[in-house]
**Q** 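Can you read through this structure? Questions will come right after.
Here the structure is a predicted model, which means the values were calculated and not measured. Only this structure's heavy atoms are used, side chains among them; waters, hydrogens and symmetry mates stay out.
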Amino acid sequence: MSSNPFEIAPILEGIRRWVVIESPTERPDQINKLADVVAAGYRDLPASVERVAGRDGCGDHLVTRSSWGQGIPGILVLSHLDTVHPMGSIERLPFKIDGDSAFGPGIYDMKGGAYLAYHAFRQICADDARPPLGITQLYVSDEEIGSPTSRALIEAEGRRAKYVLVTEPAYDGGKVITGRKGVARFEVFIKGAPAHAGTRPEDGRSAIRELGHVIQTLEAMNDLTRGITVNVGVVRGGTRPNVIAELAYAQVDMRVLTMAHADELLPKILGISSRTEGVKVKVSGKLNRPPYEKTSAGAALYEHAKKLAAELGFELLDAFSGGGSDSNFTAPHTATLDGLGVGGKGAHTHYEQLYISSIEPRARLLYRLYQTLR
């Protein structure tokens, strides 16, 4: 039997057990099946497990707490159990190993990283000495749709903690993430007046034409030099080519680097109005994830992790990501480090994979963070 507590084969087998239980966000029954397995893994450990019942069509959330160190701010480890892969994806993307890659739906984003955090916690529990800080692991069920039912829980646990470690996949060749864009989502509803396009066009007020004006207004807000992106990603409108469209609709994604940018753009987008008499424009939406701006506390946490990685024999670089995660909810008030999960590629694709060679160093890094954070 191996004396290496971070031997790859048993860790990979643990990841496989989580991956083969498909858990798309929209299937709370499947997420709860996975949550059963995750919770069972803590039964023989000095930890409590709290199960927060799912609501609004989402699965349960799990909160596990070490038996030590709960009286002071400690370490929050943040993971999600849901994936974007619909049921049946395991047939197109079965768990398999090919060279340095292990494939499967959600294996990279983020079941691999979530399992590493669990495994590192098991090793901490096996040690004779307890680390100074308590460890809380939060597994949520709805990250892939913006965390609508878990956000309050994430923010509450984040405020209780001194450090937040997020097991989203490693970024761009193994980097951790020390900043993310804030994300806002909007819906645009337009109501015009229908008419026959051939015989009475003068009676019509085209909602589609007005949507064109709105899209131009939104596109003009893009400012890549300031990291601001506004994307109209979904449009619908009209019924037939010979009918002037009464209704039109769009979905919009906005991303910003800072809260100042968000405060500037949100009222502009929500205040868009009709340029055509007889046409109504309504825009609704909000900032879903605040920007994760690199703070001095977050930078110090990264420098500590970088030093630990060097002791383990690898260089840990950091990066900024345009994508959002649950770290956006904790970074504004607690030192946060994201991208601590496995290396790999193909998140959300039919070739999603983790790099097996990343398992041991990333698991050891999490273990050392648990051991050394003060």
**Q** Donor-acceptor pair, distance only, cut-off 3.5 Å: does the side chain of Tyr118 make one with the backbone of Gly41?
**A** yes
**Q** Under 3.5 Å, is there a donor-acceptor pair between the side chain of Thr64 and the main chain of Val49?
**A**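 Not confirmed, Thr64 side chain does not pair with Val49 backbone.
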**Q** Would you say the side chain of Glu168 lies within less than 4.5 Å of the side chain of Ser79, judging by non-hydrogen atoms?
**A** no
**Q** Please determine whether a side-chain nitrogen of the Lys or Arg among Arg368 and Glu311 lies less than 4.0 Å from a carboxylate oxygen of the Asp or Glu.
**A** yes
**Q** Under the salt bridge (Lys or Arg N to Asp or Glu O under 4.0 Å) rule, what do Asp127 and Arg122 come out as? Steps first, then yes or no, please.
**A** CA-CA 9 Å; Asp127 291 346; Arg122 284 198 73 88; over 6 Å; no
**Q** Using the rule that two of Ile, Leu, Val, Met, Phe, Trp, Tyr join whenever any of their side-chain heavy atoms come within less than 4.5 Å, decide whether Phe314 and Ile177 are in one cluster.
**A**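 No, separate clusters.
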**Q** Within the distance-only criterion (no hydrogens, no angle test), does the side chain of Ser358 pair as donor or acceptor with the backbone N or O of Tyr355 below 3.5 angstrom?
**A** yes
**Q** Determine, for Lys175 against Asp318, whether the closest basic-nitrogen to carboxylate-oxygen distance falls under 4.0 angstrom.
**A** no
**Q** Side chains of Tyr42 and Gln137: any donor to acceptor distance under 3.5 Å?
**A** yes
**Q** Please check this pair: side chain of Arg185 against backbone of Leu287, looking for a donor-acceptor N/O pair closer than 3.5 Å.
**A** no
**Q** What I want to find out is whether Arg200 reaches Glu202 closely enough, with some N-O distance under 4.0 Å, to be called a salt bridge.
**A**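 Salt bridge flag = yes for Glu202 with Arg200.
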**Q** Can you tell if the side chain of Pro105 reaches within under 4.5 Å of the side chain of Val19, non-hydrogen atoms only?
**A** yes
**Q** Would you tell me whether Arg180 and Ser325 have side-chain atoms, one donor and one acceptor, within less than 3.5 Å of each other?
**A** yes
**Q** Please give the remaining members of the hydrophobic cluster of Leu224, linking ILVMFWY side chains under 4.5 Å, ordered by chain and number.
**A** none
**Q** Could you check whether Tyr370 and Tyr367 have their ring centres less than 6.0 Å apart?
**A**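 No; Tyr370 has its ring centre 6.0 Å or more from that of Tyr367.
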**Q** Does atom CZ of Arg43 have more than 12 heavy-atom neighbours, drawn from other residues, nucleotides or ligands, at distances under 6.0 Å?
**A** no
**Q** If you measure from the Lys or Arg side-chain nitrogens to the Asp or Glu carboxylate oxygens, is any gap between Arg275 and Glu210 under 4.0 Å?
**A**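 Glu210 and Arg275: not salt-bridged.
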**Q** State which residue, out of Arg240, Lys191, Lys280, fulfils the salt bridge (charged side-chain N to carboxylate O under 4.0 Å, His left out) condition with Glu246.
**A**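 Answer to the salt bridge (charged side-chain N to carboxylate O under 4.0 Å, His left out) test with Glu246 among Arg240, Lys191, Lys280: Lys191.
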**Q** Let's go through Asn231 and Thr229 carefully: what are the C-alpha distance in whole Å and the side-chain angles of both, what is the deciding distance for side chain to side chain donor-acceptor pair (under 3.5 Å) to 0.1 Å, and is it a yes or a no?
**A** CA-CA 6 Å; Asn231 180 61; Thr229 58; over 6 Å; no
**Q** Just checking Arg159: does its CZ atom have more than 12 heavy atoms from other residues, nucleotides or ligands closer to it than 6.0 angstrom?
**A**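 Open: at most 12 neighbouring heavy atoms sit under 6.0 Å from CZ of Arg159.
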**Q** Quick check on Arg209: does its CZ atom have over 12 non-hydrogen neighbours (other residues, nucleotides or ligands) under 6.0 Å away?
**A**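 No, CZ of Arg209 has 12 or fewer neighbouring heavy atoms, counting only those of other groups under 6.0 Å.
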**Q** With side chain to side chain donor-acceptor pair (under 3.5 Å) as the test, would you mind laying out the steps for Ser141 and His80 before giving the verdict?
**A** CA-CA 6 Å; Ser141 66; His80 65 85; over 6 Å; no
**Q** What is the distance from atom CD1 of Ile90 to atom CD1 of Ile21, rounded to the nearest 0.5 Å?
**A**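 One gets 10.5 Å once the value is rounded to the nearest 0.5 Å.
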**Q** For a side-chain hydrogen bond (donor to acceptor under 3.5 Å, both in side chains) with Ser23, tell me which candidate from His85, Lys111, Lys33 qualifies.
**A** Lys111
**Q** Between Asp60 and Arg55, is there a side-chain N and carboxylate O pair less than 4.0 Å apart?
**A** no
**Q** Under 3.5 Å, is there a donor-acceptor pair linking the side chains of Ser274 and Thr276?
**A** no
**Q** Is any side-chain heavy atom of Pro201 closer than 4.5 Å to a side-chain heavy atom of Ile244?
**A** yes
**Q** Quick check: is Leu81 connected to Val37 through a chain of hydrophobic side chains (ILVMFWY, heavy atoms under 4.5 Å apart)?
**A**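 Yes.
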**Q** Look at the rings of Tyr139 and Trp18 and say which category their plane angle falls in: under 30° parallel, 30 to 60° tilted, over 60° perpendicular.
**A**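 Tyr139 and Trp18: perpendicular rings.
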**Q** Tell me, which pairs form a ring-ring contact (aromatic ring centres under 6.0 Å, His included) where one or both residues lie in residues 230-265, sequence neighbours left out?
**A** Phe189-Tyr249
**Q** Please determine if Asp253 and Arg255 form a salt bridge, counting it only when a charged side-chain N lies under 4.0 Å from a carboxylate O.
**A**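 The answer is yes: the pair qualifies as a salt bridge.
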**Q** Are the side chain of Glu22 and the backbone of Gly88 linked by a donor-acceptor contact shorter than 3.5 Å?
**A**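 Yes, the answer is positive, given that a donor and an acceptor are paired below the 3.5 Å cut-off.
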**Q** Check whether the side chains of Asp109 and His348 place a donor and an acceptor atom closer than 3.5 Å, and report yes or no.
**A** yes
**Q** With distance as the sole criterion, is a donor-acceptor pair present between the side chains of Thr25 and Asp142 under 3.5 Å?
**A** no
**Q** Of the non-hydrogen atoms in Gly324 and Glu143, which two are nearest, and what is the gap between them?
**A** O-OE2, 4.0 Å
**Q** Does Lys268 come within less than 4.0 Å of Glu264, counting only side-chain N to carboxylate O?
**A** yes
**Q** Mind checking the CE-CE spacing from Met254 to Met221? Nearest 0.5 Å is all I need.
**A**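 These two atoms lie 9.5 Å from each other.
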**Q** Does the side chain of Asp326 come under 3.5 Å of the side chain of Ser147 through a donor N or O and an acceptor N or O?
**A**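 There is such a pair (donor and acceptor under 3.5 Å, judged by atom type) between the side chains of Asp326 and Ser147.
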**Q** Can we say Glu303 and Lys307 salt-bridge, meaning some charged N sits less than 4.0 Å from an Asp/Glu carboxylate O?
**A** no
**Q** Quick one: do Thr372 and His304 satisfy side-chain contact (heavy atoms from CB on, under 4.5 Å)? Show the steps, please.
**A** CA-CA 9 Å; Thr372 61; His304 180 69; 2.8 Å; yes
**Q** In terms of side-chain heavy atoms, does Asp338 have a donor or acceptor partner in Thr178 at a distance below 3.5 Å?
**A** no
**Q** For Arg226, does the CZ atom sit with more than 12 other heavy atoms under 6.0 Å from it, leaving out its own atoms?
**A**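 Buried by this count: over 12 neighbours within 6.0 Å.
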**Q** When you compare the side chains of Ser327 and Thr336, does any donor N or O come within less than 3.5 Å of an acceptor on the partner?
**A**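 The answer is no; no qualifying pair exists.
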**Q** Do the ring planes of Trp68 and Phe121 sit parallel (below 30°), tilted (30 to 60°) or perpendicular (above 60°)?
**A** parallel
**Q** Checking Asn32 side chain against Gly59 main chain: does a donor-acceptor pair fall under 3.5 Å?
**A**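 No; judged by distance alone, with no hydrogens or angles, the pair does not exist.
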**Q** For a 4.5 angstrom cut-off between non-hydrogen side-chain atoms, does Phe186 reach Leu270?
**A**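 Sidechains of Leu270 and Phe186: in contact.
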